[in-house]
Number of protein chains: 2
Amino acid sequence: MVSIMTPAPTTLGFALLGLLHQAPQSGYGLRKVFATSALGNYSSSPGAIYPALGRLSRARLIESRVDRARALRPRRVYRPTPAGTGAFRAWLAQPVTRGDVERRMDDLMLRFAFHANLDSPSDTRRFLAGFLREVEDYLGDLQRQRLAWPPRMPPHPRLALQAGIERYRASARWARTALRHFEARRGRTR
Amino acid sequence: MVSIMTPAPTTLGFALLGLLHQAPQSGYGLRKVFATSALGNYSSSPGAIYPALGRLSRARLIESRVDRARALRPRRVYRPTPAGTGAFRAWLAQPVTRGDVERRMDDLMLRFAFHANLDSPSDTRRFLAGFLREVEDYLGDLQRQRLAWPPRMPPHPRLALQAGIERYRASARWARTALRHFEARRGRTR
DNA sequence: TCGCACATGTAACGTGTTACATGATTCA
DNA sequence: TGAATCATGTAACACGTTACATGTGCGA
């Protein structure tokens with residue numbers, strides 16, 4: 001449960017929280033993960049990471065201790081608190097909204113990737129089913145827009161719309177495949 | 001030519017500039033366009049639009065006059081200046097970068113759509129060729145990442161990567177089709 | 001008369017970006 | 001000796017979001 005009165009973390013905050021669920025780490029370690037892994041879309045700049053860690057700390061979602069293993073170069077190592085684990089799980093289990101698929105596709109894929117930490121196939125299926133529903137919905141709207149397009153206009157805007165349609169079609173196909181993957185595993189999860 | 005010392009407009013600024021090239025409009029009119037058309041991803045909130053118009057004005061990229069057609073309800077109507085037209089064209093003709101395809105796909109599609117205003121098939125071809133090159137480049141990286149993935153990991157992150165790959169594949173296919181469209185028109189443009 | 005569309009703005013707030021600051025350790 | 005890496009942070013800045021403020025004209 002997130003304690004009331006603290007604003008919800010941003011996507012960057014949840015990404016950090018998720019990484020800390022895989023292994024407690026220092027700010028510098030987290031920066032390296034962002035700089036090298038496919039999460040590279042998210043900034044690894046210290047001006048983003050350290051304040052975000054500070055906010056998570058103040059919200060009591062993570063806690064830190066100073067690691068003096070090598071005495072002269074101490075690192076501050078962060079780990080999630082129980083409240084942080086709760087907030088993280090709640091974030092993962094959030095229903096997929098129309099706004100998410102319209103504007104926050106990257107966030108959605110991040111959330112999906114972190115379902116690996118949750119290890120709850122039913123939540124993953126719910127996520128994928130919701131994702132597919134919203135994508136198909138939006139796709140319908142886009143296609144209706146294309147049909148309603150005034151003819152005899154320059155081709156560029158229509159082509160730009162078409163690009164979007166094809167990207168969302170690819171997402172829908174992906175979701176159907178992924179859903180089959182997790183349907184197949186239904187009932188026989190460790 | 002953009003006068004030196006004024007910072008470059010944001011994407012929202014260029015979007016406004018582009019719309020004003022189609023027809024001079026008031027802030028309210030522009031807001032409606034954002035609220036109703038497929039540009040809906042960009043915010044139509046007054047707190048974004050009006051300050052952006054103010055910045056464009058200060059940079060002398062647009063100018064405004066007060067329309068008193070119906071006297072008691074005046075509107076401030078904006079139109080691009082010659083400098084604004086120059087900046088807009090320069091924005092459209094900018095080469096597509098790796099960073100653009102990685103993180104600013106929406107901006108790219110907006111730019112592509114506004115090529116309709118430019119009406120220069122060679123610029124459009126250059127844009128599409130650059131776009132295709134960078135997308136294929138990035139796709140190569142993503143696919144190498146997938147191959148290098150440590151086996152025996154939970155499937156979620158790999159599937160998230162796969163989703164990205166398929167979206168970019170769709171973009172590459174789209175670009176090839178669009179490029180053929182403009183190649184076909186080569187030489188016989190009005 | 002009520003509420004909606006027209007029309008333009010400002011203020012507070014949070015966040016990310018860029019750039020800077022600091023200092024130790026390791027390796028060529 | 002000097003550069004790169006380890007490690008943590010701060011400050012200035014611009015931007016978008018949300019919410020608020022203000023007032024007219026028009027149709028039900």
Handout entry: Cationic tip of Arg167(A) above Tyr168(B) ring, under 6.0 Å, 45° of axis
Key =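 That pair qualifies as a cation-pi contact.
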Rounded to the nearest Å, what distance is computed from the [atom1] atom of residue [X] to the [atom2] atom of nucleotide [N]?
X: Tyr42(A); N: dT15(C); atom1: OH; atom2: P; answer: 15 Å
X: Tyr28(A); N: dT25(C); atom1: OH; atom2: P; answer: 15 Å
X: Leu16(A); N: dT8(D); atom1: CG; atom2: C1'; answer: 15 Å
X: Arg104(B); N: dG16(C); atom1: CZ; atom2: P; answer: 16 Å
X: Arg31(A); N: dA7(D); atom1: CZ; atom2: P; answer: 11 Å
X: Arg58(B); N: dC15(D); atom1: CZ; atom2: P; answer: 9 Å
X: Tyr50(A); N: dT18(C); atom1: OH; atom2: P; answer: 17 Å
X: Ile49(A); N: dT18(C); atom1: CD1; atom2: P; answer: 14 Å

Problem - N/O (side chain, Arg55(B)) to phosphate O (OP1/OP2, dA14(D)) under 4.0 Å - result: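 Looking at the OP1 and OP2 atoms of dA14(D), neither is under 4.0 Å from any side-chain N or O of Arg55(B).
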Exercise for the section: Please determine if a side-chain N or O atom of Ser45(A) lies less than 4.0 Å away from the OP1 or OP2 oxygen of dT18(C). Expected result: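 Negative; the distance criterion is not met.
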Exercise for the section: Report the C-alpha separation of Phe14(B) and Phe114(B) in whole Å, then their side-chain angles, then the decisive distance to 0.1 Å, and conclude whether the ring pair (Phe, Tyr, Trp, His ring centres under 6.0 Å) test is met. Expected result: CA-CA 10 Å; Phe14(B) 283 116; Phe114(B) 275 126; 9.8 Å; no
Exercise for the section: Applying ring pair (Phe, Tyr, Trp, His ring centres under 6.0 Å), run through His156(A) and Phe112(B) and close with a yes or a no. Expected result: CA-CA 7 Å; His156(A) 309 71; Phe112(B) 178 78; 5.7 Å; yes
Exercise for the section: Under 4.0 Å between any heavy atoms, over every strand shown, what does Thr10(A) touch: base, sugar-phosphate, or nothing? Just pick one. Expected result: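 Sugar-phosphate contact only - Thr10(A) comes under 4.0 Å of backbone atoms but never of a base.
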Exercise for the section: Pick base, sugar-phosphate or nothing for Gly27(B), based on heavy-atom distances below 4.0 Å to the nucleic acid. Expected result: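 It contacts sugar-phosphate atoms only.
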Handout entry: Candidates dG9(D), dG16(C), dT8(C) - which lies nearest the side chain of Leu12(A)
Key =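 Nearest to the side chain of Leu12(A) among the choices is dG16(C).
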Exercise for the section: Apply side-chain contact (heavy atoms from CB on, under 4.5 Å) to Glu136(A) and Leu132(A), showing your working. Expected result: CA-CA 6 Å; Glu136(A) 285 176 336; Leu132(A) 182 55; 3.7 Å; yes
Practice task
Could you tell me whether the side chains of Arg76(A) and Ser64(A) share a donor-acceptor contact shorter than 3.5 Å?
Solution key: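 Yes.
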Problem - Nearest-nucleotide comparison on DNA chain C, the residue closer to the 5′ end among Pro51(B) and Lys32(B) - result: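 In this pair, the answer is Lys32(B).
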